[in-house]
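Ligands are counted one by one from 1 in listed order, and the atoms in each one are counted from 1 as well.
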Amino acid sequence: MNAIRDRAFAAHDFGHIVESRPLDVLSPRSGAEVQGLVAFADRHRLPVTARGRGLAPYGQSQADGGYVLDMGALNEVRCVPGERTLAAGAGATWGDVVRATLAVGLVPPVLPDHLGASVGGVLSTGGFGASSHRCGLVADWLRELEVVTGTGERLVCSAERHPDLFRAVLAGLGQCALILRAVLRLVPAPERVRRYRLYHDGPGSYFADQRRIARDSRFTHVEGQARPALGGGWRYMIEAVAPHDGELPCVDDLLIGDLGHDRDTQEIEDLSYAEYLHRLDRDERLLRATGEWDRPHPWLGLLLPEEVAEACVPGALTEPEQQGLRTCGVVQLRPLNGRTLRAPMLRRPAGELLCLLSVMRTAPPAAPDTVRRMVAANRALYERARAVGGVLHPMSALAMTPEDWRSHFGPAWADLAHAKERYDPHAILTRGYGLWAGAR
Ligand SMILES: Cc1cc2nc3c(=O)[nH]c(=O)nc-3n(C[C@H](O)[C@H](O)[C@H](O)COP(=O)(O)OP(=O)(O)OC[C@H]3O[C@@H](n4cnc5c(N)ncnc54)[C@H](O)[C@@H]3O)c2cc1C
């Protein structure tokens with residue numbers, strides 16, 4: 001079970017930047033096994049990290065000199081349609097979740113774009129999706145969690161039971177407990193959706209439309225991208241979705257008539273909801289086939305006040321260190337409404353209108369200097385964003401010091417530190433983020 005191959009595989013992640021050797025990789029088959037392993041590690045003060053699908057970009061799912069728990073076997077998914085809930089093992093993927101819920105006409109209100117990540121991995125970081133502008137985080141829709149704390153205690157927590165632990169685990173970066181099982185609320189799923197791709201020649205009309213869309217409820221799902229334009233510069237694209245139940249709606253004018261995009265290039269397409277949810281599967285297959293999936297990914301996520309995004313992002317994209325993005329990368333600009341983001345450990349700028357900027361770079365293979373430059377460019381962007389009220393999305397390729405983290409969590413730091421002291425006093429859990437001095 002614990003072959004060398006497993007140790008080599010757990011020494012990496014999707015980022016392919018940080019490499020650290022665990023003592024061992026273990027594949028627990030039950031909550032009791034996780035509990036036993038964590039209690040053992042706590043007694044011996046050894047690091048433990050849960051690994052879902054290893055999509056982290058910078059060592060966050062590694063355990064240098066400790067145990068990586070591959071959660072893949074804890075993947076049971078059970079839907080209770082009458083209660084509109086789903087209980088999912090932490091190692092199940094969001095693809096497993098969607099398969100089970102769509103079969104009974106239901107769906108979680110928010111899903112990550114990429115369905116290959118694990119339930120535990122996404123809940124520990126919060127989870128943004130295309131419906132986040134209306135419904136907040138994936139983690140905002142949890143009813144209950146079963147967890148194992150850093151001392152090996154197995155607890156069920158919710159808003160009513162052990163609420164301090166519940167708050168510390170949701171988007172809490174795996175610092176206080178490992179997730180075994182999550183109970184999620186579900187809502188009725190549409191049968192079909194109409195997808196609009198709306199292109200803008202410049203950022204002005206793009207951000208004006210994103211603002212309008214984030215404030216009203218005309219679309220259930222919205223995302224956006226900056227894309228390299230032919231001949232230089234950048235174009236902007238809004239991808240927005242409205243549901244319907246089989247009959248084609250004649251509502252295009254109502255939905256997009258007042259928006260400022262280029263009418264000649266707009267794309268309108270009807271899809272089944274399942275096709276829409278699986279929209280990234282094809283991209284993944286393509287990236288795997290070309291080898292890009294296995295290259296270094298120095299990704300950066302920043303939550304920005306919307307006006308800062310509009311003022312700073314277009315300029316930043318023209319700077320020399322961002323030029324690689326034109327050929328090998330994706331720039332996402334996701335509109336968010338701050339009032340919908342509830343998990344307290346998800347730090348965000350003040351204000352209602354926000355933007356999640358995701359700079360998804362791919363580095364060439366065997367080019368460590370380029371990777372170092374890209375990580376340095378991440379640091380520079382982060383510092384600039386921080387100076388104008390921006391906040392890091394922790395799933396980023398960026399070395400953060402304990403001081404950086406303290407400033408990142410701001411007023412939530414005291415609650416997190418208190419929960420850490422109570423539930424993981426020896427700081428054995430999820431050290432890859434480097435939150436606590438001396439524990440990495
Ligand atoms: C192609 C791609 C698309 C993405 N799209 C989105 C998106 O749309 N929205 C979004 O929010 N994110 C997105 N992400 C980020 C991704 O969802 C997060 O990195 C997520 O944490 C990865 O899940 P994983 O199962 O691979 O976790 P891993 O990489 O295995 O782990 C990530 C972190 O979660 C912790 N963790 C894992 N399981 C548990 C557990 N059971 N209990 C406690 N902690 C645990 C790990 O220790 C680690 O710190 C994307 C990433 C990629 C590569």
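Residue contact annotation: Thr125 has a non-hydrogen atom under 4.0 Å from ligand 1. Every heavy atom of Glu223 sits 4.0 Å or more from the atoms of ligand 1. In this structure, Gly432 does not count as a contact residue of ligand 1, since none of its heavy atoms falls inside 4.0 Å of the ligand. In this structure, Gly54 counts as a contact residue of ligand 1, since one of its heavy atoms falls inside 4.0 Å of the ligand.
Defined by atom type and a distance below 3.5 Å, a donor-acceptor pair is present between the side-chain atoms of Arg45 and His426. Between the side chains of Gln62 and Asp13, a donor-acceptor pair is found at a separation under 3.5 Å. In the model, Tyr199 has a side-chain atom that pairs as donor or acceptor with a side-chain atom of Glu267 under 3.5 Å.
At least one N/O-N/O distance between Ile179 and ligand 1 falls below 3.5 Å. Note: an N/O pair closer than 3.5 Å links Gln60 and ligand 1 by distance alone. At least one N/O-N/O distance between Gly52 and ligand 1 falls below 3.5 Å. An N or O contact shorter than 3.5 Å is missing between Pro57 and ligand 1 by distance.
Residue contacts with ligand 1, taken as heavy atom pairs separated by less than 4.0 Å, involve Asp113 via backbone and side-chain atoms alike. Counting heavy atoms closer than 4.0 Å to ligand 1, residue Ser118 contributes atoms from both its backbone and its side chain. At a heavy-atom distance under 4.0 Å, no atom of Arg181 approaches ligand 1.
Every atom of ligand 1 is numbered from 1 in the order shown, and the set under 4.0 Å from a heavy atom of Thr430 is 47 (O), 49 (O). Heavy-atom contacts of Ala90 reach the following atoms of ligand 1: 41 (N) (cutoff under 4.0 Å). Close contacts of ligand 1 with Arg51, meaning ligand atoms under 4.0 Å from a residue heavy atom, involve 30 (O). Near Thr49, meaning under 4.0 Å from any of its heavy atoms, are these atoms of ligand 1: 47 (O). Every atom of ligand 1 with a heavy atom of Leu178 under 4.0 Å away is listed here by number and element: 42 (N), 43 (C). Listed by atom number, the atoms of ligand 1 under 4.0 Å from Tyr433 heavy atoms are 33 (C), 49 (O). The Ala56 neighbourhood of ligand 1 comprises atoms 29 (O), with distances under 4.0 Å to a heavy atom of that residue. Per-residue contacts place Arg334 under 4.0 angstrom from the following atoms of ligand 1 (heavy atoms of the residue considered): 8 (O).
Taking the ring centre of Tyr382 as origin, the terminal cationic atom of Arg379 falls outside the region bounded by 6.0 Å and 45° from the ring axis. Judged by a 6.0 Å distance limit and a 45° cone about the ring axis, Arg342 is positioned over the six-membered ring of Trp141. Relative to the ring axis of Trp405, Arg347 does not place its NZ or CZ within 45° and under 6.0 Å from the centre.
A donor-acceptor pair under 3.5 Å is absent between the side-chain atoms of Thr101 and the main chain of Cys79, judged by distance alone. No donor-acceptor pair closer than 3.5 Å links the side chain of Asn378 to the backbone N or O of Leu398. Using modelled atom types, no side-chain atom of Glu306 and backbone atom of Cys355 make a donor-acceptor pair closer than 3.5 Å. Within the 3.5 Å criterion, the main-chain N or O of Arg134 finds no donor-acceptor partner in the side chain of Ser131.
Remark: among candidates Gly120, Gly174, Ala50, Ala10, the nearest residue to atom 46 (C) of ligand 1 is Ala50, based on non-hydrogen atoms. Nearest-residue assignment for atom 20 (C) of ligand 1 (options Gly15, Gly121, Ser358; heavy-atom criterion): Gly121. When Phe128, Phe14, Trp299 are checked for heavy-atom proximity to atom 50 (C) of ligand 1, Trp299 turns out nearest. Closest to atom 19 (O) of ligand 1 by heavy atom, among Gln62, Met395, Arg53, is Met395.
For atom 14 (N) of ligand 1, the nearest protein heavy atom lies 4.0 Å or farther away. When distances from atom 6 (C) of ligand 1 to the protein are checked, no heavy atom turns up under 4.0 Å. For atom 39 (C) of ligand 1, the protein comes within 4.0 Å by at least one heavy atom.
In this structure, His221 and Tyr276 have perpendicular ring planes: the angle between them is above 60°, well past the 30° mark.
Taking the side chain as every heavy atom from C-beta outward, Leu37 and Val48 never approach each other to under 4.5 Å.
A salt bridge links Arg279 to Glu223: one of the charged nitrogens lies within less than 4.0 Å of a carboxylate oxygen. Salt bridge status for Asp164 with Arg167: absent, with no side-chain N to carboxylate O gap under 4.0 Å.
Contact between Val107 and Pro188 at its shortest, heavy atoms only, is CG1-O, 4.2 Å.
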